[in-house]
Each structure stands twice: as C-alpha cells, then as structure tokens.
Amino acid sequence: MVQVTTRDVMEKFNLQIVSGHEGIGRAITTSDISRPGLEMAGYFTHYPANRVQLLGKTELSFFEMLPENVRIERMCLLCARNTPAIILSRSMEVPKELIDASNKNHVPVLVSKQTTTHFSSRLTNYLESELAPTTAIHGVLVDIYGIGVLILGKSGVGKSETALELVKKGHRLVADDSVEIRQESENMIIGSPPPLLEHLLEIRGIGIINIMTLFGASAIRPYKRITLVVELENWDPNKSYDRLGLDEEKMKIIDTELTKLTIPVQPGRNVSVIIEVAAMNYRLKRMGVNAAEEFSRRLDAVIASNGEMDDFN
C-alpha cells in the first residue's frame with residue numbers, strides 16, 4: 001500500500017500551511033474524512049482522531065460563539081496525537097486557539113480556497129485511489145472494445161504475441177509482463193503498468209519494443225478497469241474444455257470476483273481473434289444477450305417436441 005502523507009495532500013491540492021509545520025510528514029492511513037461538528041459542541045467520546053479533520057463555515061461559526069476557555073479546551077482535544085491534519089475551507093481565517101494547539105501538538109493546519117463540499121469530495125477520491133488495496137499479477141492487460149481483458153498464462157504461452165496482434169487490430173495496450181492492480185471501490189479493480197514497463201512490450205526473438213513509438217498514442221492506455229480474465233494454456237488432449245459456455249468460471253483478485261475464460265492454445269488457432277470475440281460476447285451477456293442460454297432453450301424445445309411426437313406415435 002502506498003503511504004500518503006500530509007505533505008502529499010498539501011502539494012496535490014495546493015494548500016497553505018499555517019501552523020504545526022513539524023507534523024507535515026504525518027501519515028494518512030484512511031480515506032475517511034471527519035467534519036468535527038459534534039466535537040465543536042464538546043462530544044469527543046467517539047472522536048475519529050486518525051482522520052483528516054475538515055472545518056467549514058458551519059463548524060467555525062459555532063466555534064466563535066463559545067467562551068474563550070472552552071475554545072482553548074476544544075482545540076487542544078481536536079489536535080490529538082494521531083491526527084494527520086486539520087484543514088479549513090474557503091480560505092477562512094484560522095482561530096488563534098487552533099494555531100496554538102497545533103503548534104503545541106505538532107498537528108499541521110492547512111487552508112484550502114475551495115468550498116467545503118467540493119474539497120471533501122476531491123480529497124476523498126484522491127485518498128481512496130492512493131490508499132486502495134494493491135497487488136501485482138504476471139500477465140498482460142489490453143483494452144478490447146472498452147473491455148479490460150487481463151490475459152494470463154505460463155511463460156512462453158504467447159501472451160505478449162497475442163497482445164501485439166490485438167494492438168495491430170486497433171486495440172490498446174495497458175500493461176505487459178506485470179500488471180499493478182488496485183481496488184478503488186467494491187467490485188472495481190484498476191490495472192496499470194509499473195513505471196519501468198510503461199508502453200513497453202517484450203517479444204521473444206525481437207526484444208523490447210515501444211508500442212507508443214511504433215503505433216502511436218492511440219495504441220496505449222495508462223490504466224483500465226479489469227472486467228474479464230482470459231487464461232491461455234497449451235492444448236491438453238486429455239482435458240475437457242467448455243464448448244457451450246453455460247458454466248461461468250470465476251477468479252478472485254483482491255476482493256473482486258471476475259469472469260474467467262480458459263482458452264487452449266495450439267497451432268492453427270488464432271488466439272487474438274478468439275479473445276476479441278470473447279470480449280464482444282462478454283459485452284453482449286452484460287446487455288442480456290446470451291447465445292449459450294439461447295441454444296440451450298432451443299435444444300430443450302427440440303427435445304420436448306420430439307418427446308411429444310413419440311407419445312403421439
């Protein structure tokens with residue numbers, strides 16, 4: 001998991017630091033943001049001190065109504081030992097009590113020019129993306145007709161060669177050899193290439209090639225949501241492969257289950273065309289068109305019709 005610090009947030013959103021400079025390197029461990037309205041009223045029993053605290057016009061206008069001794073006490077409690085940052089929106093003036101408490105406890109106080117709701121939304125999205133669970137998988141990720149297809153298989157089975165054929169057909173390469181995957185939300189995982197391998201594809205016998213240089217910027221993507229997994233394996237004559245497509249296999253990556261297809265590879269099979277068709281068929285299934293189920297219904301109707309004729313005879 002990538003660590004996010006208060007300094008990262010300050011630089012990302014161009015925030016101004018007012019006090020608590022010594023705590024600028026504090027780690028932010030959760031994407032949840034707290035609006036400490038109840039805390040301003042004195043209720044700290046369940047204070048989520050490990051979150052970024054966002055103060056807006058409502059919280060500060062209430063705070064100004066409090067007696068001076070109460071204001072000092074509330075801000076000392078707000079600047080907890082594990083609070084990563086306190087951020088004020090709308091370029092509002094930072095209360096003196098908050099400055100003193102933040103300097104004492106080394107809690108950075110930052111100011112944003114944006115409105116409270118807008119900044120809260122942007123900061124949440126940024127933290128969810130940066131703090132999302134991550135993993136890495138050996139494979140190739142290609143954008144085929146808008147479907148993020150993760151191609152897996154043993155080394156030498158032809159994953160990169162298949163990806164090259166797909167790029168020549170107009171599809172877009174996301175990552176080759178190693179795919180970095182992060183789960184940004186429930187049932188949504190995003191794949192991207194490691195910085196070292198960005199835009200690169202390895203072809204045995206040729207070496208490493210730069211897809212963007214050869215085919216242009218339209219042939220690559222920096223990231224893509226993964227929705228379909230295709231595993232390539234050498235043809236095994238003793239193994240029974242799915243011929244109808246009625247049974248759907250699943251593969252779990254982090255906390256997300258994805259549809260998985262196993263495609264046997266042997267001389268004479270155009271794997272890139274098969275994967276293209278698999279991606280198009282997956283889109284049709286999501287739209288409610290399932291050729292395998294339609295065939296099964298037709299077959300059941302024929303069997304039932306033949307049974308009725310036998311009864312008649």
Side-chain angles (χ1 to χ4, degrees), residues 1-13 15-67 69-134 182-186 188 254-255:
M1 181 179 293
V2 178
Q3 187 182 48
V4 179
T5 66
T6 303
R7 185 187 301 276
D8 296 329
V9 172
M10 181 183 71
E11 294 174 353
K12 172 69 177 179
F13 296 98
L15 305 180
Q16 176 189 356
I17 184 167
V18 177
S19 57
H21 295 73
E22 293 184 15
I24 196 64
R26 290 193 175 196
I28 300 174
T29 59
T30 176
S31 61
D32 295 328
I33 298 173
S34 176
R35 295 283 301 274
L38 287 174
E39 287 76 12
M40 291 292 97
Y43 185 76
F44 281 86
T45 304
H46 300 288
Y47 173 46
N50 64 325
R51 302 180 185 179
V52 172
Q53 307 296 318
L54 180 59
L55 298 176
K57 187 175 181 180
T58 303
E59 290 83 7
L60 287 183
S61 60
F62 175 79
F63 176 77
E64 292 172 357
M65 299 168 57
L66 301 173
N69 62 323
V70 176
R71 292 203 299 264
I72 295 174
E73 176 193 4
R74 300 281 161 83
M75 286 307 175
C76 287
L77 292 173
L78 196 68
C79 295
R81 182 176 58 183
N82 58 336
T83 301
I86 298 174
I87 302 176
L88 283 71
S89 61
R90 296 177 179 271
S91 297
M92 290 185 292
E93 184 179 354
V94 182
K96 180 181 181 301
E97 296 82 0
L98 177 56
I99 293 176
D100 293 340
S102 66
N103 285 329
K104 180 180 178 181
N105 297 323
H106 310 306
V107 176
V109 174
L110 309 167
V111 176
S112 169
K113 297 179 181 180
Q114 302 176 44
T115 61
T116 312
T117 302
H118 182 61
F119 178 75
S120 176
S121 176
R122 290 189 61 199
L123 180 58
T124 299
N125 290 338
Y126 169 74
L127 292 177
E128 283 183 347
S129 175
E130 293 297 317
L131 297 175
T134 61
R182 66 182 186 276
Q183 181 161 335
E184 293 198 345
S185 61
E186 186 178 0
M188 177 180 286
I254 307 180
D255 292 327

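Predicted model, so just to flag it, every value in this text is computed and none were measured.
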Got more than 12 heavy atoms from elsewhere within 6.0 Å of CD, Glu186?
no

Mind checking whether [X] and [Y] have side chains closer than 4.5 Å, heavy atoms only?
X: Glu59; Y: Leu54; value: no
X: Ile87; Y: Phe13; value: no
X: Ile86; Y: Ser102; value: no
X: Cys79; Y: Leu98; value: yes
X: Tyr47; Y: Leu38; value: no

Determine yes or no for a side-chain-to-main-chain donor-acceptor pair under 3.5 angstrom, with [X] supplying the side chain and [Y] the backbone.
X: Gln183; Y: Asp255; result: yes
X: Ser19; Y: Asn103; result: no
X: Gln53; Y: Arg51; result: yes
X: Thr124; Y: Ser120; result: yes

Residues that Arg182 engages under salt bridge (charged side-chain N to carboxylate O under 4.0 Å, His left out), provided they are two or more places apart:
Glu184

With salt bridge (Lys or Arg N to Asp or Glu O under 4.0 Å) as the rule and sequence neighbours excluded, what pairs involving residues 95-120 come up?
Arg71-Glu97, Lys96-Asp100

Scan residues 74-93 for pairs that pass side chain to side chain donor-acceptor pair (under 3.5 Å), counting only residues two or more places apart or in two chains.
Ser89-Thr116

